[in-house]
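In listed order, ligands and their atoms are each counted from 1.
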Amino acid sequence: LLIAGTWVVLGYLMGSVPFGILITRTMGLGDLRSIGSGNIGATNVLRTGNKAAAAATLLLDGVKGALAVLLAGWVTGDSGAMQIAGLAAFIGHCYPVWLRFRGGKGVATFLGVVLALSWPVGLACCAMWLLAALVTRISSVGALVGAASSTVWMFAFARWDLLLTGTLLTVLVFWRHRENLKRLKAGTEPRIGQK
Ligand code: G3P
């Protein structure tokens with residue numbers, strides 16, 4: 001229990017670093033909270049017009065999730081600890097104490113965590129995410145398709161051990177996209193790059 005607790009705290013703290021906010025502030029790109037969807041993720045950073053900042057946000061938000069998982073793996077060698085660290089990092093990104101628990105939607109962190117837990121599953125999710133985003137030109141659709149597909153890939157690559165964690169992460173990604181889901185239903189969700 002103590003070991004699990006350690007990874008909950010460490011994972012949470014790593015995930016809670018809001019790179020979108022840090023990068024846009026450092027680069028003087030304005031207040032992310034008052035741009036576009038107000039979200040702290042890469043999609044919204046792209047709405048500042050700065051592609052490099054958006055790419056860096058995507059990468060670093062992903063890396064922090066992957067790193068939490070890999071760190072737990074290196075120290076404990078235990079898959080359970082890795083999954084706990086990954087879930088905690090994801091929750092840290094979505095509900096960071098530093099932003100009064102109003103964080104991101106977890107897409108980049110989801111991809112980083114899943115890649116670190118199983119790179120074949122992660123790569124397949126990334127492919128689905130990119131494909132759906134490219135075809136529809138809507139970032140949230142890519143995110144939702146990519147996340148939902150994780151269950152299929154966990155079956156396909158016989159990673160039954162990851163199914164519970166994968167399902168939890170996917171449900172949370174959908175929960176964090178409830179405003180996007182409403183906009184998608186209403187047909188008002190903006191395309192990538194639109195304000
Ligand atoms: O990664 C979040 C993306 O799926 C949607 O972002 O800013 O359009 O709500 P946003």
A.B. asks: For a side-chain hydrogen bond (donor to acceptor under 3.5 Å, both in side chains) with Ser140, tell me which candidate from Arg183, Glu189, Glu179, Lys105 qualifies.
C.D. replies: Glu189
A.B. asks: Should Ile40 and Arg102 count as side-chain neighbours, where that means a heavy-atom distance under 4.5 Å?
C.D. replies: no
A.B. asks: Would you check if Asn50 and Val45 make a side-chain contact, meaning some heavy-atom pair closer than 4.5 Å?
C.D. replies: no
A.B. asks: Distances only, to 0.1 Å: what are the N or O pairs between ligand 1 and the protein that fall under 3.5 Å?
C.D. replies:
from, atom 1, to, atom 2, distance (Å)
ligand 1, 4 (O), His177, NE2, 2.8
ligand 1, 7 (O), Ser37, OG, 2.5
ligand 1, 7 (O), Arg47, NH1, 2.8
ligand 1, 8 (O), Arg47, NH2, 2.7
ligand 1, 9 (O), Ser37, OG, 3.4
ligand 1, 9 (O), Lys105, NZ, 2.5
ligand 1, 9 (O), Asn180, ND2, 2.9

A.B. asks: Are the side chains of Val171 and Phe174 in contact, using a 4.5 Å heavy-atom criterion?
C.D. replies: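 Phe174 does not reach Val171 side chain to side chain.
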A.B. asks: Test of understanding: with side chain to side chain contact (heavy atoms under 4.5 Å, CB included), list the residues that count as partners of Ser34, not counting sequence neighbours.
C.D. replies: Asp31
A.B. asks: Is the shortest side-chain heavy-atom distance between Val97 and Tyr12 below 4.5 Å?
C.D. replies: yes
